[in-house]
Amino acid sequence: MTMKSLSLLAILSLLALTLPLAIASDPSPLQDFCVGVNTPADGVFVNGKFCKDPKLVSADDFFLAGLQNARAVANAVGSNVTAVNVNNLPGLNTLGISLVRIDYGVNGQNPPHTHPRATEILYVGHGTLFVGFVTSNGDGNRLFTKTLNMGDVFVFPEGLIHFQANVGRSPAVAFAALSSQNPGVVTIANTVFGSNPAIDPNVLARAFQLDPKLIMDLQAKF
Ligand SMILES: *[C@@H]1O[C@H](CO)[C@@H](O)[C@H](O)[C@H]1NC(C)=O
């Protein structure tokens with residue numbers, strides 16, 4: 001054996017030793033929370049869903065139809081997200097992947113939001129979208145944007161705030177894959193100004209450096 005292959009062997013055996021330690025962590029959660037209880041009778045969730053008896057599984061557990069249909073976009077933001085995740089396609093349980101169809105009206109947008117559990121890779125099926133994401137505070141809150149046309153692909157890293165806006169003259173449609181069976185969505189405006197119950201307007205006034213009256217106007221929209 002040469003010196004080079006010997007040191008490669010040494011690195012590989014070191015890796016083999018350290019790898020099991022490096023991955024000894026809690027599994028990432030598959031829902032917003034899973035409060036522990038001591039008696040199984042009081043529990044409803046595991047981390048994800050219960051598994052169907054394999055003998056009872058059929059092809060339909062892995063199937064969903066209807067994503068060819070455009071959805072209504074006559075709402076405040078002018079877009080409509082159709083999610084395909086473990087909640088309507090049970091075969092996705094434990095597989096770490098899901099899908100959305102997003103329809104955008106003219107001037108419509110998918111407003112700033114994050115997916116707490118997933119990276120998203122988006123494909124433009126029709127139209128022109130201005131898309132972007134912002135890095136976290138420690139990375140300087142950098143904004144990355146791009147104008148996408150039919151056939152273009154863009155990726156939004158896990159957990160970061162991102163958006164898409166239709167800047168074309170016609171309706172647009174995109175499909176996106178997400179790296180979780182249940183990615184979750186935190187729409188910034190809805191969670192901050194539309195929480196239930198409402199966050200004290202004085203708290204938000206200080207946070208956003210705005211008059212509490214303006215905060216109450218924003219809260220009234222939800
Ligand atoms: C999305 O589209 C469906 C079907 O067209 C419609 O029933 C639903 O109300 C729409 N959602 C929003 C938020 O506009």
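All residue numbers in this chain count up from 1 along the given sequence. Atoms within each ligand, like the ligands themselves, are counted from 1 in listed order.
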I'd like to know if atom 9 (O) of ligand 1 has any protein heavy atom within a distance of less than 4.0 Å.
no

Does Thr114 have any side-chain contact (heavy atoms from CB on, under 4.5 Å) partners at least two apart in sequence or in another chain, and if so, which?
Pro116, Ile161, Val186, Ile188

Geometry only, no angles: is Asn80 polar-contacting ligand 1 at N/O separations under 3.5 Å?
yes

State plainly whether the residues Asp211 and Lys213 are in salt-bridge range, i.e. N to O under 4.0 Å.
no

From Phe154 CZ over to Thr147 OG1, what is the distance, rounded to the nearest 0.5 angstrom?
10.0 Å

Subset of ligand 1 atoms that lie under 4.0 Å from at least one heavy atom of Ala72
1 (C), 2 (O), 5 (O), 10 (C), 14 (O)

Considering Asn75, Val73, Asn69 one by one, which has a heavy atom nearer to atom 13 (C) of ligand 1 than any of the others?
Asn75

Spell out, as yes or no, whether a donor-acceptor pair under 3.5 Å connects the side chain of Asn80 to the backbone of Arg71.
no

